[in-house]
A.B. asks: 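One structure is given below, represented as structure tokens, and several questions about it will come after.
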Amino acid sequence: MSKSVLIISTSPRKGGNSDTLAEEFARGAREGGSQVEKIELYNKTISFCRGCMACMKTNRCVLQDDADAIAQKMRTADVIVFATPVYYYEMCGQMKTMLDRSNPLYTSDYAFRDIYLLAAAAEKEESAIDGAVKGLEGWIACFEKARLAGTVFGGGADAVGTIQGSPAMEEAYEMGRRV
């Protein structure tokens, strides 16, 4: 059965290393028969959540920017993939802001079950991803039907393009094929 896969590339840099991992995951998922849509946050307008909680009644955000439309796409996807650069041992701010703005999904009948995390960092140690994983797991914990299905870490990727040739590229591709 073909799954709908939504990839949210949160890098502030077009063509950054985490975005390159997202492309490989997308290529694998398409070759595996899934329908894939990739959204890049670098060219979107996403304001901070105001905590008004109106979304708990309407399943929509009152702020008029790109985040509400993205959250609605998240709601209907079977699989959600987040790709982030690791900054200060944590997900980038764009990803955290999008997670916060997906609050309308909390009371909705969401379709997603499997969540994946693709991360690139200048740091080479695998533990560099721990903060990003913990942050995403906190979000996932609010959606009882969802689970963290897999992670890919590309360490030692500091300048744009340095992820090329990393084992993480093949891991992202293979993970996408298995979705």
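Only heavy atoms go into these numbers, but all of them, side chains included; no hydrogens, no water, no symmetry mates.
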A.B. asks: How long is the gap from CG on Asn43 to CG on Asp66, to the nearest 0.5 Å?
C.D. replies: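 Between Asn43 CG and Asp66 CG, I get 8.0 Å after rounding to 0.5 Å.
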A.B. asks: Could you report the tightest heavy-atom contact between Ser11 and Ser18, atom names first, then the distance?
C.D. replies: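 In this case the closest contact between Ser11 and Ser18 is CB-OG, 3.5 Å.
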A.B. asks: Answer yes or no: is there a donor N or O on one side and an acceptor on the other, between the side chain of Gln72 and the main chain of Asn59, under 3.5 Å?
C.D. replies: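 Side chain of Gln72 to backbone of Asn59: a pair is present.
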A.B. asks: Locate the shortest heavy-atom distance separating Ala121 from Val86; write the atom from each residue and the value.
C.D. replies: CB-CB, 3.7 Å
A.B. asks: Please report the shortest heavy-atom distance between Ile129 and Glu126, naming the atom on each side.
C.D. replies: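 Shortest heavy-atom contact: CG2-O, 3.1 Å.
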A.B. asks: I'd like to know if Lys44 pairs up with Asp65 as an ion pair, taking the criterion as any Lys NZ or Arg NE/NH1/NH2 lying under 4.0 Å from an Asp or Glu carboxylate oxygen.
C.D. replies: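 Judged by the 4.0 Å cut-off on N to carboxylate O distance, Lys44 and Asp65 do not form a salt bridge.
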A.B. asks: Is there a ring-ring contact (aromatic ring centres under 6.0 Å, His included) between Tyr116 and Phe25? Walk through the geometry before answering.
C.D. replies: CA-CA 10 Å; Tyr116 292 88; Phe25 190 103; 5.4 Å; yes
A.B. asks: Nearest 0.5 angstrom please: Asp114 CG to Arg178 CZ, how far?
C.D. replies: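 CZ of Arg178 is found 12.0 Å from CG of Asp114.
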A.B. asks: Can you find a pair of side-chain heavy atoms, one from Arg60 and one from Cys55, that are under 4.5 Å apart?
C.D. replies: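 A side-chain contact is absent here, since even the closest heavy-atom pair is not under 4.5 Å.
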A.B. asks: Looking at side-chain heavy atoms only, is the closest gap between Gln35 and Arg30 below 4.5 Å?
C.D. replies: no
A.B. asks: Can you confirm whether or not the ring centre of Tyr110 sits under 6.0 Å from the ring centre of Phe143?
C.D. replies: yes
A.B. asks: Would you say Asn17's side chain and Pro85's backbone share a donor-acceptor pair under 3.5 angstrom?
C.D. replies: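 No, because the side chain of Asn17 does not come within donor-acceptor range (under 3.5 Å) of the backbone of Pro85.
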A.B. asks: Are the charged groups of Glu23 and Lys38 less than 4.0 angstrom apart, N to O?
C.D. replies: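 Looking at Glu23 and Lys38, the cut-off is met.
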A.B. asks: Could you tell me the separation between the NZ atom of Lys134 and the CE atom of Met91, rounded to the nearest 0.5 Å?
C.D. replies: 11.0 Å
A.B. asks: Please check if Ile7 and Ile163 belong to a single hydrophobic cluster, counting links between Ile, Leu, Val, Met, Phe, Trp and Tyr side chain heavy atoms closer than 4.5 Å.
C.D. replies: yes
A.B. asks: Could you go through Met95 and Leu99, starting from their C-alpha distance and side-chain angles, then the distance that decides it, and tell me whether this counts as side-chain contact (heavy atoms from CB on, under 4.5 Å)?
C.D. replies: CA-CA 6 Å; Met95 180 171 161; Leu99 290 177; 4.3 Å; yes
A.B. asks: Same hydrophobic cluster for Val81 and Leu148, using side-chain heavy-atom links shorter than 4.5 Å among ILVMFWY?
C.D. replies: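 No, Val81 and Leu148 fall in different hydrophobic clusters.
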A.B. asks: Mind checking the CG-CD1 spacing from Leu6 to Ile115? Nearest 0.5 Å is all I need.
C.D. replies: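 Interatomic distance, Leu6 CG to Ile115 CD1, rounded to 0.5 Å: 9.5 Å.
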A.B. asks: Spell out, as yes or no, whether a donor-acceptor pair under 3.5 Å connects the side chain of Asp78 to the backbone of Ser4.
C.D. replies: yes
A.B. asks: Has Arg75 got a side-chain atom pairing as donor or acceptor with Ala111's backbone, closer than 3.5 angstrom?
C.D. replies: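 Absent.
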A.B. asks: Measuring from Lys73:NZ to Ser102:OG, what's the distance to the nearest 0.5 Å?
C.D. replies: 15.5 Å
A.B. asks: Go through the side-chain N and O atoms of Asp19 and Ser9 and say whether any donor and acceptor fall under 3.5 Å apart.
C.D. replies: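 A donor-acceptor contact under 3.5 Å links the two side chains.
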A.B. asks: Tell me whether Thr162 contacts the main-chain N or O of Asp158 through its side chain, where contact means a donor paired with an acceptor under 3.5 Å.
C.D. replies: yes
A.B. asks: Glu123 and Phe153: which non-hydrogen atoms are nearest, and at how many Å?
C.D. replies: O-CZ, 3.5 Å
A.B. asks: Can you hop from Leu118 to Tyr87 via hydrophobic side chains spaced under 4.5 Å?
C.D. replies: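 In one cluster: no.
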A.B. asks: Stepwise, does the side-chain contact (heavy atoms from CB on, under 4.5 Å) test hold for Met175 with Thr151?
C.D. replies: CA-CA 9 Å; Met175 192 172 282; Thr151 63; 5.9 Å; no
A.B. asks: Checking Leu41 against Ile39 for the side-chain contact (heavy atoms from CB on, under 4.5 Å) test, could you report, in this order, the C-alpha distance in whole Å, the side-chain angles of both residues, the deciding distance, and whether it holds?
C.D. replies: CA-CA 6 Å; Leu41 297 189; Ile39 296 173; 4.3 Å; yes
A.B. asks: Taking the six-membered ring for Trp and the single ring otherwise, decide whether the centroids of Phe82 and Trp139 are under 6.0 Å apart.
C.D. replies: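 Distance test on ring centres: under 6.0 Å, yes.
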A.B. asks: Is it the case that Tyr42 and Gln94 place a side-chain donor and acceptor less than 3.5 Å from each other?
C.D. replies: no
A.B. asks: So which atom in Ala120 and which in Ala157 form the shortest heavy-atom distance, rounded to 0.1 Å?
C.D. replies: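 Between these two residues, the closest heavy atoms are CB-CB, 4.5 Å.
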A.B. asks: Give me the atom names and distance for the closest heavy-atom approach of Cys92 to Thr84.
C.D. replies: N-OG1, 3.0 Å
A.B. asks: Are Ile70 and Leu136 connected in a single hydrophobic cluster, I mean Ile/Leu/Val/Met/Phe/Trp/Tyr linked by side-chain heavy atoms less than 4.5 Å apart?
C.D. replies: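 Both belong to a single hydrophobic cluster.
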A.B. asks: Can you tell me if CZ on Arg50 sees more than 12 non-hydrogen neighbours from other groups inside 6.0 Å?
C.D. replies: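 At most 12 heavy atoms, drawn from other residues, nucleotides or ligands, come within 6.0 Å of this atom.
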A.B. asks: Let me confirm one number: the CD1-CZ distance from Ile140 to Arg113, rounded to the nearest 0.5 Å.
C.D. replies: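 Separation between the atoms: 13.0 Å.
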A.B. asks: Do you know which of Glu24, Met169, Glu170, Glu171 makes side chain to side chain contact (heavy atoms under 4.5 Å, CB included) with Val152?
C.D. replies: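 Running side chain to side chain contact (heavy atoms under 4.5 Å, CB included) over Glu24, Met169, Glu170, Glu171 with Val152 returns exactly one hit, Glu171.
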A.B. asks: In the single-linkage hydrophobic clustering (I, L, V, M, F, W, Y; side-chain heavy atoms under 4.5 Å), do Val5 and Leu21 co-cluster?
C.D. replies: yes
A.B. asks: State whether Phe112 and Lys145 meet the cation-pi test: NZ (Lys) or CZ (Arg) under 6.0 Å from the six-membered ring centroid, and within 45° of the perpendicular axis.
C.D. replies: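 No; the conditions do not both hold, so Lys145 does not lie above the ring face of Phe112.
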A.B. asks: Is a side-chain N or O of Ser34 found less than 3.5 angstrom from the main chain of Val36, in a donor-acceptor match?
C.D. replies: no
